Amino acid sequence: MLSSNIKGVTNGFPLVIEVQKFVEKQVDFNSDFLKNMFPKIEWKALVTAARTMGYAELPEEVDSSMLESEDFLQKFHHALLELHLEEGALICPETGRRFVVAKGIPNMLLHEDEV
């Protein structure tokens, strides 16, 4: 997840996802990678992002004991690594500024008055 770096913004995370098109891309499963990433993830933001793209398989609440479940790891893997926003926008929750996403690439360039 990205946050907004607009001058004066104090609540720029998480950016809201506006989906026009998303794709699922197959990525090799690596449970060690997922277990290392888990403590670094803002879980609520990941759940919200996944649901925005139509994936509702992640639980609302988690704890590290769930990392022993293969089923949980598969769902976590899919949401984190295989869902890709192709077309749409990322929107600052404070200012409403839209950062367009085209061909999977967000345009995060700021205007002069935003720096």
Side-chain angles (χ1 to χ4, degrees):
M1 297 290 125
L2 297 172
S3 63
S4 177
N5 292 316
I6 298 172
K7 177 176 59 180
V9 170
T10 58
N11 183 30
F13 178 83
L15 295 174
V16 176
I17 300 173
E18 180 182 280
V19 179
Q20 291 176 354
K21 177 185 175 187
F22 77 93
V23 296
E24 296 182 30
K25 297 180 181 180
Q26 191 74 26
V27 175
D28 290 338
F29 181 79
N30 182 331
S31 63
D32 290 333
F33 173 78
L34 294 169
K35 289 175 183 179
N36 287 325
M37 285 301 297
F38 181 78
K40 299 172 175 82
I41 298 295
E42 178 72 38
W43 191 257
K44 185 178 177 188
L46 177 63
V47 170
T48 301
R51 289 186 177 165
T52 299
M53 289 191 265
Y55 187 68
E57 299 298 315
L58 294 177
E60 289 284 335
E61 302 288 326
V62 293
D63 62 67
S64 59
S65 69
M66 297 174 84
L67 296 172
E68 301 307 314
S69 165
E70 182 74 18
D71 182 57
F72 171 75
L73 287 175
Q74 288 289 345
K75 291 174 182 176
F76 179 36
H77 166 82
H78 183 69
L80 183 65
L81 301 172
E82 294 184 331
L83 298 176
H84 296 268
L85 180 63
E86 284 293 307
E87 303 292 333
L90 301 173
I91 304 167
C92 176
E94 185 174 320
T95 66
R97 168 76 149 79
R98 297 175 83 253
F99 299 96
V100 175
V101 177
K103 298 179 184 174
I105 301 169
N107 181 351
M108 302 295 290
L109 295 175
L110 299 176
H111 300 128
E112 257 185 62
D113 61 337
E114 297 173 321
V115 180

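One is the number of the first residue; the rest follow in order along the sequence. Being a predicted model, the structure only gives us computed values, none of them experimental.
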Candidate pair V101 and E86, rule side-chain contact (heavy atoms from CB on, under 4.5 Å), full reasoning:
CA-CA 7 Å; V101 177; E86 284 293 307; over 6 Å; no

Inset, instruction - List the steps and the verdict of side-chain contact (heavy atoms from CB on, under 4.5 Å) for L81 and M37. - result: CA-CA 11 Å; L81 301 172; M37 285 301 297; over 6 Å; no

Before you tell me yes or no, could you show the steps for K75 and Y55 under side-chain contact (heavy atoms from CB on, under 4.5 Å), namely the whole-Å CA-CA distance, both residues' side-chain angles and the distance that decides it to 0.1 Å? CA-CA 9 Å; K75 291 174 182 176; Y55 187 68; 3.4 Å; yes

Stepwise side-chain contact (heavy atoms from CB on, under 4.5 Å) test for L90 and I17 = CA-CA 5 Å; L90 301 173; I17 300 173; 3.9 Å; yes

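M108 and V16 are not part of a single hydrophobic cluster, where members link through side-chain heavy atoms under 4.5 Å apart. Hydrophobic clustering (ILVMFWY, side-chain heavy atoms < 4.5 Å, transitive): L15 and V115 are in one cluster. In the hydrophobic clustering of ILVMFWY residues, with side-chain heavy atoms under 4.5 Å counting as a link, V9 and L110 come out together. Connection of V19 to I91 is not established within any shared hydrophobic cluster, with ILVMFWY side chains joined at heavy-atom distances below 4.5 Å, either directly or through further cluster members. Note: the hydrophobic cluster containing V23 does not contain M53 (ILVMFWY, side chain heavy atoms under 4.5 Å, direct or indirect links).
Within the model, atoms CG of L73 and CZ of F38 stand 9.5 Å from one another, a figure rounded to the nearest 0.5 Å. The CG atom of D71 sits 9.0 Å away from the CE atom of M66 when rounded to the nearest 0.5 Å. Atoms CZ and CG, on R51 and L46 in that order, are 10.0 Å from each other to the nearest 0.5 Å.
Taking both residues in full, the closest heavy atoms of V47 and P59 are given as CG2-O, 3.6 Å, listed atom of the first, atom of the second, then distance. When all heavy atoms of F72 and L67 are compared, the closest pair comes out as CE2-CD2, 3.9 Å. What you find for H77 and L34 is that their closest heavy atoms are CB-CD1, 3.6 Å. In terms of heavy-atom proximity, P93 sits nearest to P14 at CG-O, 3.5 Å. Closest heavy-atom contact between H78 and E82: ND1-OE1, 2.8 Å.
Not one N or O on the side chain of E87 forms a donor-acceptor pair closer than 3.5 Å with the backbone of F22. When atom types are taken as modelled, the side chain of W43 and the backbone of D63 share no donor-acceptor pair closer than 3.5 angstrom.
Residues passing the side-chain hydrogen bond (donor to acceptor under 3.5 Å, both in side chains) test with Q74 are E70, sequence neighbours excluded. A search for side-chain hydrogen bond (donor to acceptor under 3.5 Å, both in side chains) contacts involving E68 returns nothing, not counting sequence neighbours. For E18, the side-chain hydrogen bond (donor to acceptor under 3.5 Å, both in side chains) partners at least two apart in sequence or on another chain are R98. With sequence neighbours left out, the salt bridge (charged side-chain N to carboxylate O under 4.0 Å, His left out) criterion links E24 to no other residue. Listed by chain and number, the residues in a side-chain hydrogen bond (donor to acceptor under 3.5 Å, both in side chains) with E94 are T10 (sequence neighbours excluded).
Between V100 and P106, every side-chain heavy-atom pair lies at or beyond the 4.5 Å cut-off.
Within the structure, side chain to side chain donor-acceptor pair (under 3.5 Å) contacts touching residues 25-40 (residues at least two apart or in different chains) do not occur.
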